[in-house]
Amino acid sequence: MGLVYRTLVRPMLVFQDSEKAHTRSVRMLRLFSNNRLTRVFLSAVYKTRKKLEVPLFGDVYQHPFGLAAGMDKKGEAINGWDAIGLSFAEIGGVTMLEQTGNPKPRMFRSSKHKALVNRMGFNNPGSENMQVRLQNHFERFGKPKIPIWLNLGKSKLTDNQNAHTDYSTTLGRLWDYTDVFVVNVSSPNTPNLRDLQGEEELRKIILECVKINSQKAKEIGSSAKPILVKVAPDMSFEQLERVTTVAMESGCAGIVATNTTISRPNELESDEKLQETGGMSGQPVKDMSTQFIRHIYQYTNGQFPIVGVGGIMNANDAWEKITAGASLLQAYSGFVFEGPSLAKAVVSGLETKLRQHGLDRIEDAIGLWHKENE
Ligand SMILES: Cc1cc2nc3c(=O)[nH]c(=O)nc-3n(C[C@H](O)[C@H](O)[C@H](O)COP(=O)(O)O)c2cc1C
């Protein structure tokens with residue numbers, strides 16, 4: 001199936017507007033996965049039977065590979081991500097207020113470099129509409145079979161001073177329907193959002209989210225849910241250490257590394273699409289993200305869970321991130337360039353890597369690079 005995608009579907013993408021192609025794909029996945037028969041078909045083709053269990057964040061993940069934020073901003077295809085073999089899916093970014101995002105075109109694709117540039121600007125239905133959507137989904141299909149994470153963004157209309165209530169309101173409204181929250185202070189397409197990675201600003205946001213999280217848990221007598229912070233790759237290691245410390249001190253359960261980059265390496269200069277303004281994802285961000293994972297792992301002595309994201313196109317890329325220190329992985333661009341069979345390929349490739357290294361469990365591979373390079 002991966003071959004079919006690469007030889008037939010991917011070349012056709014050249015002729016399609018990136019955002020339209022994306023909208024169509026998610027819609028198709030929603031249609032196919034909401035129908036029982038076609039869902040069974042999807043699972044039979046794409047779902048991996050291999051188990052590489054990762055116990056983390058109060059759950060046991062079937063394997064480490066999930067969906068990154070931004071692909072399913074409205075939580076439209078929740079059944080689909082499970083059906084094509086992902087072990088968890090991050091929906092959103094969702095902001096407190098509904099937003100249309102930036103003017104189109106705002107998504108650009110370079111097949112040559114397996115990279116995307118986007119300046120979507122948090123187009124999303126907003127937390128109230130999202131609550132209704134998720135409630136309907138739960139009523140129709142029950143609780144999703146895989147953990148659903150929620151990417152929390154900030155509304156453009158809310159100034160940074162009041163960012164903490166914007167994030168925590170969305171968290172509170174959607175608490176019942178999601179398993180893990182990701183505070184996204186790293187998207188490059190909302191003016192000044194990345195300033196919220198500053199120590200004081202970030203602490204204020206996390207503490208407010210922690211407060212609402214505890215209140216919601218107390219209301220129903222259960223435990224609070226994990227809150228993670230997602231960082232940009234465009235900062236110094238010193239800054240990264242400060243963000244990590246704030247995240248740890250203020251009650252976060254882990255860190256997601258990384259979001260898209262606003263940098264453009266010289267070798268991409270001739271690629272017009274990649275010179276568009278916005279955040280770049282895919283292959284060119286792979287090493288940046290892996291270096292961040294390595295640094296966080298080293299800085300925290302492997303004591304703070306890391307979710308690795310950025311440029312994963314195959315099992316080798318995934319292995320690199322696991323051995324750098326990531327406990328779980330996510331991809332967005334990989335699905336655009338490699339198609340829906342990516343999860344199956346990555347998970348079976350990881351299993352092979354484990355065997356080659358004489359390891360039994362994926363947990364034994366987390367941070368392996370550090371042991372080998374001590
Ligand atoms: C079109 C698009 C929209 C995105 N939207 C979000 C978002 O809303 N929130 C977020 O945290 N990351 C968002 N991302 C970033 C991805 O989640 C991911 O961190 C980044 O693309 C690097 O991973 P990749 O190379 O596998 O794509 C978006 C990425 C793309 C390409």
Side-chain angles (χ1 to χ4, degrees), residues 1-2 29 32-34 36 38-69 71-72 75 77-91 137-138 141-151 177-182 225-226 228 253-254 256 293 305-309 312-323 325-332 334-335 338-357 359-368:
M1 269 295 169
L29 184 62
F32 280 120
S33 61
N34 282 358
R36 212 169 60 86
T38 42
R39 183 163 67 239
V40 171
F41 171 76
L42 276 181
S43 297
V45 176
Y46 293 115
K47 205 164 176 168
T48 172
R49 316 238 168 276
K50 304 215 177 347
K51 282 194 176 171
L52 297 174
E53 290 183 351
V54 183
L56 194 68
F57 305 142
D59 253 303
V60 178
Y61 291 77
Q62 293 299 302
H63 58 72
F65 196 50
L67 181 74
M71 175 73 91
D72 192 358
I78 288 180
N79 292 330
W81 308 119
D82 169 41
I84 65 164
L86 295 166
S87 70
F88 65 104
E90 184 171 336
I91 59 172
H137 183 92
F138 272 57
F141 299 104
K143 187 175 171 14
K145 292 197 188 74
I146 53 172
I148 299 299
W149 295 16
L150 179 70
N151 187 268
Y177 307 103
T178 47
D179 301 290
V180 173
F181 300 98
V182 180
K225 297 182 179 181
L228 317 177
V256 183
I293 295 165
I306 305 165
V307 179
V309 51
I312 299 177
M313 300 284 157
N314 53 46
N316 283 339
D317 301 339
W319 180 253
E320 220 172 74
K321 285 200 171 20
I322 297 260
T323 54
S327 298
L328 292 174
L329 303 170
Q330 298 179 309
Y332 181 133
F335 290 103
E338 305 301 325
S341 55
L342 181 65
K344 203 171 186 174
V346 163
V347 177
S348 67
L350 284 177
E351 205 210 21
T352 308
K353 294 266 184 205
L354 276 184
R355 247 185 294 121
Q356 285 168 347
H357 284 78
L359 301 172
D360 293 328
R361 304 172 318 152
I362 194 77
E363 283 174 278
D364 300 330
I366 298 169
L368 190 64

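Between P147 and Y61, the closest heavy-atom pair is CG-CE2, 3.6 Å. Minimum heavy-atom separation, I293 to A326: CG2-N, 3.6 Å. The two residues S87 and P64 make their nearest non-hydrogen contact at OG-C, 4.0 Å. Between G334 and M313, the shortest heavy-atom distance links the atoms CA-SD, 3.8 Å. In terms of heavy-atom proximity, I362 sits nearest to E53 at CG2-O, 3.6 Å. Nearest approach of A365 to L354, heavy atoms of both residues: CB-CD2, 4.0 Å.
Using a 4.5 Å heavy-atom cutoff, the side chains of V182 and V307 are not in contact. Within the 4.5 Å cutoff, side-chain heavy atoms of F335 are placed close to those of L86. At least one side-chain heavy atom of V256 sits under 4.5 Å from a side-chain heavy atom of Q330. With contacts defined as side-chain heavy-atom distances shorter than 4.5 Å, the pair W319/H357 qualifies. Taking the side chain as every heavy atom from C-beta outward, F57 and W149 approach each other to under 4.5 Å.
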Subject >> Verdict with supporting geometry, T48 and S348, side chain to side chain contact (heavy atoms under 4.5 Å, CB included) >> reply: CA-CA 8 Å; T48 172; S348 67; 5.5 Å; no

Subject >> Test log, rule side chain to side chain contact (heavy atoms under 4.5 Å, CB included), inputs E90 and V180 >> reply: CA-CA 9 Å; E90 184 171 336; V180 173; over 6 Å; no

**OP:** Take K143 and D179, measure what side chain to side chain contact (heavy atoms under 4.5 Å, CB included) needs, and give me the verdict at the end.
**Re:** CA-CA 11 Å; K143 187 175 171 14; D179 301 290; 3.1 Å; yes

**OP:** Go through the steps to decide whether I306 and I366 satisfy the test side chain to side chain contact (heavy atoms under 4.5 Å, CB included), and finish with yes or no.
**Re:** CA-CA 10 Å; I306 305 165; I366 298 169; over 6 Å; no

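Judged by distance alone, with hydrogens and angles left aside, the side-chain atoms of T178 form no donor-acceptor pair with the main-chain N or O of I148 at under 3.5 Å. Side-chain atoms of K344 come within 3.5 Å of backbone atoms of V45 as a donor-acceptor pair (strictly under, hydrogens ignored).
Of the inter-residue distances, the one linking L228 atom CG with L150 atom CG reads 11.0 Å to the nearest 0.5 angstrom. The CG atom of L328 lies 10.5 Å from the NE2 atom of H63; values are rounded to the nearest 0.5 Å.
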Using atom types as modelled, flag every donor-acceptor pair under 3.5 Å from a side chain in residues 78-85 to any protein atom, sequence neighbours excluded.
from : atom 1 : to  : atom 2 : distance (Å)
N79  : ND2    : N34 : OD1    : 2.9
W81  : NE1    : D72 : OD2    : 2.9
W81  : NE1    : A77 : O      : 3.2
D82  : OD1    : K47 : NZ     : 2.9

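A perpendicular orientation is assigned to the rings of F138 and Y177, their planes being inclined by more than 60° (bins at 30° and 60°).
For A318, the side-chain contact (heavy atoms from CB on, under 4.5 Å) partners at least two apart in sequence or on another chain are I312, L329, V346, L350. Listed by chain and number, the residues in a side chain to side chain donor-acceptor pair (under 3.5 Å) with T352 amount to none (sequence neighbours excluded).
If you run side-chain contact (heavy atoms from CB on, under 4.5 Å) between F65 and each of L52, L342, I322, only L342 comes through.
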